[in-house]
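Here is the structure we will look at.
Heads up: numbering here begins at 1 and tracks the sequence. Just so you know, ligand 1 is whichever comes first in the structure, and atom 1 is the first atom listed for that ligand.
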Amino acid sequence: MVSGQVSVTTGALWMPFTSAGGSNPPVVVAGDGSHVVADDGTRLLDATAGGVACVILGHGRAEIADAVAAQLRTLEYHCLFGYSHPRALELAEAVAARTPGDLNHVFFTNSGSEAVETALKMARGYWSQVGRGSKTGFVSLHRGYHGMNFGGISVGGLPENRAGFGPLLEGCSQVPAHDIDALERELASRDPSTIAAVIMEPVQAAGGVYPPPEDYLGQVRAMCDDHDVLLVLDEVVCGFGRLGHWFGGHRFGVSPDIMTVAKGLTSAYIPMGAAIAGSRVHDAFVDPEGSIELMHGYTYSGHPAACVAGLKVIEIIEREGLVDHSRQTGLYLQKQIDPLASLPVVAEVRGEGMLAALELEGDCPEPLVAEAQRRIQSAGVLVRAQADHLGIYPPLTFTAAEVDRVVDVVGTVLEELS
Ligand SMILES: Cc1ncc(COP(=O)(O)O)c(C=O)c1O
């Protein structure tokens, strides 16, 4: 180490979303079911599904690990440029069979951010294919989160994620979330011949868990049709059962033109995402001459190990009835957590399905949120501390008794802090 350099206890590891000058990170070494185990042996009830709502089936599913290992022994990798493999074909079919509407064309990526990037390129590419290449802009919502690639932060509605990164994608604007008149004004005032798509999450997750008014997404769908603009639903968090339905589109009765997924697609056992297009978008790209119309892809698009994990996830969701279970447990979670809104330290409780947030009081509640999270963890429960709120998004396998434990511990700590 060069003399004078600041020593950080994370050593060579430059951690995502973490202060580079930070101190010892808590280390998680194992997991089983709804629990994870810290390096000091402490067992923690994981109400965050791996920290960021991704381990939807819970930890330590040996059958997924075994299936992945078997695939790696058979064929670790060979795809791209005209080649595929059986598991990619099967997973695409399995996903398409469960999506809303005619979202039947699955383009695999390695993450949610890549799924969003792919969806944005598909949307622009679509308009170019149909001879309207001036339609390149995007409209999205304040507080929306669409990953951390340049496309995602350009359409994202969290300004702190853009700071310091210079020029972004041109033609992106955001409107207040869940205000249908604001969206109408934006689409009318920006020339629709310059707008490719509207992109939003069914329920805003990372921005603080904000469910939309019941009829909002249906109105957005109609408005996009009226203005001849595509609708992209970012289902990276909401997809695969978190709202008690296969997808948020089902929950709100809406079929987008393109949908993005990740997280639950493989329950985070292997990184994977996808952008899934309906026929209108996909068919515009089909060239009978066989040239490459969508010049886009990643080396590991549809990696065999990830595809096998995805197939196992769908098998387990159906075998264990987890979409229904998530719907029941989600209703129970919301019912149990709602009364915490009466605690003096709680500003608001919001939620939908297996997603909930407790926003804390004060002009600058971050230290209070951090202290609450620390005490809750000391009592054996993991929730997420994020800006002004505590986030709760357990694995879909959570039981009612586990919900009770989380609500009990969170309630006790917030009462102490009130
Ligand atoms: C709605 C949404 N879109 C995109 C992403 C980005 O996914 P990833 O972190 O896998 O790149 C996230 C991640 O939390 C998300 O919540």
Can you pull out the closest protein heavy atom to [atom]? Residue, atom name and distance to 0.1 Å, please.
atom: atom 3 (N) of ligand 1; result: Asp234 OD2, 2.7 Å
atom: atom 16 (O) of ligand 1; result: Val237 CG2, 3.2 Å
atom: atom 7 (O) of ligand 1; result: Gly112 CA, 3.2 Å

Side chain, backbone, both or neither: the part of Ser113 lying under 4.0 Å from ligand 1 by heavy atom: both
Residue portion contacting ligand 1 (non-hydrogen atoms closer than 4.0 Å) for His146: backbone
Distance alone, cut at 3.5 Å: any donor-acceptor contact between the side chains of [X] and [Y]?
X: Ser267; Y: Arg61; answer: no
X: Tyr332; Y: Asp404; answer: yes
X: His389; Y: Glu348; answer: no

Pairing of Asp388 and Arg350 as salt bridge, 4.0 angstrom limit: no
So if I count the atoms of ligand 1 from 1 in the order they appear, which ones are less than 4.0 Å from some heavy atom of [X]?
X: Glu201; result: 1 (C)
X: Lys263; result: 13 (C), 14 (O)
X: Ser111; result: 10 (O), 11 (O)
X: Tyr145; result: 1 (C), 2 (C), 3 (N), 5 (C), 12 (C), 13 (C), 14 (O), 15 (C), 16 (O)

Verdict with reasoning, Tyr216 to Phe252, per ring pair (Phe, Tyr, Trp, His ring centres under 6.0 Å): CA-CA 9 Å; Tyr216 178 73; Phe252 295 105; 9.3 Å; no
From Leu91 atom CG to Leu311 atom CG, the distance as rounded to the nearest 0.5 Å: 4.5 Å
Note, Leu358 side chain near Ile392 side chain (heavy atom, < 4.5 Å): yes
